[in-house]
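Right, one structure below, let's go through it.
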2 protein chains.
Amino acid sequence: MCSGPCQGHQGQNGRHDRVDGCCAGGGRVRGFLQARLLLLLEQEPDYGYALLERLGSETGAGGVDPGLLYRTLRQMERDGLVASTWDTEGQGPARRRYQVTPEGVEMLHAWAARIDQTRRRLGEFLDQYGKSFEDRKQEEMV
Amino acid sequence: MCSGPCQGHQGQNGRHDRVDGCCAGGGRVRGFLQARLLLLLEQEPDYGYALLERLGSETGAGGVDPGLLYRTLRQMERDGLVASTWDTEGQGPARRRYQVTPEGVEMLHAWAARIDQTRRRLGEFLDQYGKSFEDRKQEEMV
DNA sequence: CCCATCTATATGACACAGTCATATATAGCA
DNA sequence: TGCTATATATGACTGTGTCATATAGATGGG
């Protein structure tokens, strides 16, 4: 509908107020979920539902869509980055437990390099922005 | 085809070598072009073709697709973030000269806030990554 | 004059991550 | 029996970004 650096869906009051109540996921890093999953799984193998909670609590605002999470994990398995085994031990429904493959670790390193690079580019943007609005900084500080 | 933190299209040798010769634009910040355009136009009003060059020379690797650029500018105009006038003064084809509207400036501020936030999240990821691979750092330094 | 090239804007087709809604099944509890 | 929590999964859709291609004015060479 419209563009801009906004959260997913329509904001909390239905109508959107142009600047921060807007639409499409602006500012999000493409594929970042994959990187975060590789890192989490490298630290400790786990299954989807648990990863969902680890992702949620990691940062306050990092709510992740379950559908995306499961599809991403399956895709990563197809790509050979992770491997899964069914776990029927605990109570409740069976769980698909994932662990990282050597290729997954390689990919994680590639992600880290790429993210570092992206982070620098964002820094450059913010520097430029800072130069253009140095005087107006006080008003922003409210 | 596959996922990962990779450049656009198929890499330079046709076949892709899994980690850095892969496919989809991993690591890119969604909508970042809009933010960069708002900042450039705020610094100095300009037309599409010139912006293309300013974006290209800004960072070494920042090649931007012309189709995306023009469509993004038109979209931003529809959203009221920029305004355009035809310029038939110079030689060559007519140019559509853009300038930022007050709403565009507001949006730029929103973008800056969002990008700062994104940058912090990337930093957190890299910190976590660093902790997990502290020992292997030397090999990475090659 | 014709043709190639540079400048300048634009559209069509498509890939892909992410969003939202919904389906399915197991298990525990009231 | 119905309700909730756990757990995995699919369908439909949006929007950014990629790649190829179209169009047109201006310029200079053969």
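In the text below, chain A, chain B and the rest are named by the order of the sequence lines, each starting its count at 1. Note that the structure is a prediction, hence the values are computed from the model and not measured.
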Problem - N or O in side chain of A:Arg96 less than 4.0 angstrom from D:dT8 OP1/OP2 - result: no
Problem - N/O donor-acceptor pair under 3.5 Å between A:Thr118 side chain and B:Gly27 backbone - result: yes
Exercise for the section: With DNA chain C as reference, determine whether A:Ala94 or A:Pro66 sits nearer its 5' end, using the nearest nucleotide of each. Expected result: A:Pro66
Exercise for the section: Check whether any side-chain N or O of B:Arg74 sits under 4.0 Å from OP1 or OP2 of C:dT9, and answer yes or no. Expected result: no
Problem - Donor-acceptor contact below 3.5 Å, side chain A:Ser84 vs main chain A:Arg96 - result: no
Handout entry: Contact under 4.0 Å: A:Arg28 side-chain N or O vs C:dG18 OP1/OP2
Key = no
Exercise for the section: Return yes if a side-chain donor-acceptor contact under 3.5 Å exists between A:Gln75 and A:Arg78, otherwise no. Expected result: yes
Completion exercise
The answer to which of A:Gly67 and A:Phe32 contacts DNA chain C further toward the 5' end, by nearest nucleotide, is A:Phe32
Problem - Any side-chain donor near an acceptor of the partner, B:Gln34 and B:Thr72, under 3.5 Å - result: no
Exercise for the section: Using whole Å, report how far OH of A:Tyr49 lies from P of C:dA27. Expected result: 16 Å
Exercise for the section: Looking at every strand, decide which applies to A:Arg71 at a 4.0 Å heavy-atom threshold: base, sugar-phosphate, or nothing. Expected result: base
Problem - Integer-rounded Å distance: D:dG17 C1' and B:Gln75 CD - result: 14 Å
Exercise for the section: Report yes if at least one side-chain N or O of B:Tyr47 is closer than 4.0 Å to OP1 or OP2 of C:dA8; otherwise report no. Expected result: yes
Exercise for the section: Calculate the interatomic distance between A:Leu73 atom CG and C:dG18 atom P; express it in whole Å. Expected result: 13 Å
Practice task
Could you tell me the separation between the CZ atom of A:Arg30 and the P atom of C:dA15, rounded to a whole number of Å?
Solution key: 13 Å
